[in-house]
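Protein chains get the first letters and strands the later ones, always in sequence-line order, with residue 1 at the start of each. On a predicted model such as this, the values are computed, not experimentally measured, just so you know.
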Number of protein chains: 2
Amino acid sequence: MRAQTRRLSFGQTELDGTDIRILQVLQDEGRISKSDLAARVHLSNSACFERMRRLEQSGIIRSYHARLDLDLMEDLQIFQTHVVLGSHRQEDFTRFEAYVAANDMIAECYGLGGGIDYSLTCVARRISDYQGLIDDLLSRGLNVERYYTYVVTKQVKRREIGIDRLLG
Amino acid sequence: MRAQTRRLSFGQTELDGTDIRILQVLQDEGRISKSDLAARVHLSNSACFERMRRLEQSGIIRSYHARLDLDLMEDLQIFQTHVVLGSHRQEDFTRFEAYVAANDMIAECYGLGGGIDYSLTCVARRISDYQGLIDDLLSRGLNVERYYTYVVTKQVKRREIGIDRLLG
DNA sequence: CCCGGCACCGAAGGAAATTCGGCGAGGGAC
DNA sequence: GTCCCTCGCCGAATTTCCTTCGGTGCCGGG
């Protein structure tokens, strides 16, 4: 009774409907017990465990995380910063991304196409801390031509980006 | 041996250094076993378990999630959409946010201050699916005055937004 | 038709989670 | 100062869950 309808290939790995269901459940309930997961996808514990291990080892499941309630965190400011670089050589991108990777005030970074090069989500305790980040960013010779700062006034929604849309 | 140095209050709840350490670990390793977590924060299983339950029930820990490797997902386009509303009555915001909450192509949404009202992260299988989202958005009478679309070409970084910055 | 591989199942041993009784430090009342 | 109460912690016992393993059936190729 393997194989439902839909199949997808993720890099080297082939996924059937049951794998996708497992990923969906784990995306939403990252700490569900393996027995409950097995029941949820109508598999025995051992079969489900084997699939889960395969998904983790293949790298499709990268990591698990607890999500905290930001509204309860006072003393926490979030900013979005949109960055335009002055030139678009490979080296410019590499250096900027290395900076992003190393700076732990920057929680998220998307590379964009179309007028803005990067969108950053920055976390700071005070506006002055954020300004310190920007000062640092600009002083590193990273060729930032322009940047735009937006205060995040509300975190309206946050979900994992993933598998759901592949099923419709 | 309660209480380290730093203390924070999260809404109703007081957190000491050990709580914060627990949150840090769970943010990074959401599926760590409770025994391992207890060892990591130098507590007995039962004491650590009690704290963890308190953190979950108080809502500070909202949820747990598996993070998937997007680079392995072919057939998945991500877009950032910046939205400006035509007027800023309370009702306009409420209706827009209700739309965002209900639409499952929209994975993330930040409310912003400063020229742009909302920043959305949208997930689609094809550009035409994304265009369908935009068409729908515009046809709902949500008073969207202007929007800007950026293709996400690379997910440079993605971390949980949280506790780390409260410790520096 | 027969064989091999693969995914599955169920049971058993081992590991983890959860509960519970008791202990000791700290703080308030007297 | 001292008594007592509270709170957080510990360690052991029970229960629940994880993980492995041997075995079974299905399917495709030879």
Exercise for the section: Applying ring-ring contact (aromatic ring centres under 6.0 Å, His included), name anything that partners A:Y147, two or more places apart in sequence or on another chain. Expected result: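 Testing A:Y147 for ring-ring contact (aromatic ring centres under 6.0 Å, His included), a comparison that skips the adjacent residues, returns none.
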
Problem - With sequence neighbours excluded, residues passing ring-ring contact (aromatic ring centres under 6.0 Å, His included) with B:Y110 - result: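 Not a single residue meets the ring-ring contact (aromatic ring centres under 6.0 Å, His included) criterion with B:Y110.
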
Exercise for the section: Measure from the side-chain N and O atoms of B:R67 to the backbone N and O of A:E160, and report whether any donor-acceptor pair falls under 3.5 Å. Expected result: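 No, the answer is negative, given that no donor and acceptor are paired below the 3.5 Å cut-off.
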
Handout entry: Pairs touching residues 43-67 of chain B that satisfy ring-ring contact (aromatic ring centres under 6.0 Å, His included), sequence neighbours left out
Key =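 Residue pairs with at least one partner in residues 43-67 of chain B: there are none.
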
Take atom [atom1] of [X] and atom [atom2] of [N], then tell me their distance rounded to the nearest Å.
X: A:L43; N: D:dT19; atom1: CG; atom2: C1'; result: 16 Å
X: B:D36; N: C:dA17; atom1: CG; atom2: C1'; result: 12 Å
X: A:D16; N: C:dA7; atom1: CG; atom2: C1'; result: 10 Å
X: A:R40; N: D:dC17; atom1: CZ; atom2: P; result: 14 Å
X: A:E50; N: D:dT19; atom1: CD; atom2: C1'; result: 11 Å
X: A:M52; N: D:dC17; atom1: CE; atom2: P; result: 15 Å
X: A:H42; N: C:dA7; atom1: NE2; atom2: C1'; result: 18 Å

[X] side chain, from C-beta outward: closest of [options]:
X: A:R51; options: D:dC18, C:dA7, D:dC9; value: C:dA7
X: A:S44; options: D:dC10, D:dC18, C:dC9; value: C:dC9
X: A:A47; options: C:dC9, D:dC17, D:dC10; value: C:dC9

Exercise for the section: Could you pull out all residues at least two apart from B:Q57 that satisfy side chain to side chain contact (heavy atoms under 4.5 Å, CB included)? Expected result: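 Only B:R53 meet the side chain to side chain contact (heavy atoms under 4.5 Å, CB included) criterion with B:Q57.
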
Practice task
Return the angle between end axes of the helix from C:dC1-D:dG30 to C:dA12-D:dT19, with five pairs used per end and rounding to 10°.
Solution key: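 That helix gives 0° between its end axes.
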
Practice task
Verify the contact: side-chain N or O of B:R54 to OP1 or OP2 of D:dG8, cut-off strictly under 4.0 Å; return yes or no.
Solution key: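 Answer no for this pair, as no side-chain N or O of B:R54 is under 4.0 Å from OP1 or OP2.
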
Problem - Note, A:L120 side chain near A:M105 side chain (heavy atom, < 4.5 Å) - result: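 A side-chain contact is absent here, since even the closest heavy-atom pair is not under 4.5 Å.
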
Handout entry: Of A:C48 and B:K34, the one whose closest DNA chain C nucleotide lies more 5'
Key =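 Nearest-nucleotide comparison on DNA chain C picks A:C48.
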
Handout entry: Aromatic plane relationship, A:F79 with A:Y130 - under 30° parallel, 30 to 60° tilted, over 60° perpendicular
Key =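 Rings of A:Y130 and A:F79: parallel, under 30°.
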
Exercise for the section: Compute whether any side-chain donor of one residue and acceptor of the other, for A:Q24 and A:D28, lie under 3.5 angstrom apart. Expected result: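 Looking only at side-chain atoms, A:D28 and A:Q24 do not form any donor-acceptor pair under 3.5 Å.
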
When you compare the protein's N or O atoms with those of nucleotides 20-24 of chain D, which come within less than 3.5 Å of each other, and at what distance?
none

Exercise for the section: Taking atom CD1 of B:I127 as the centre, report whether more than 12 heavy atoms of other residues, nucleotides or ligands fall under 6.0 Å from it. Expected result: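 Check fails, neighbour count at 12 or below.
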
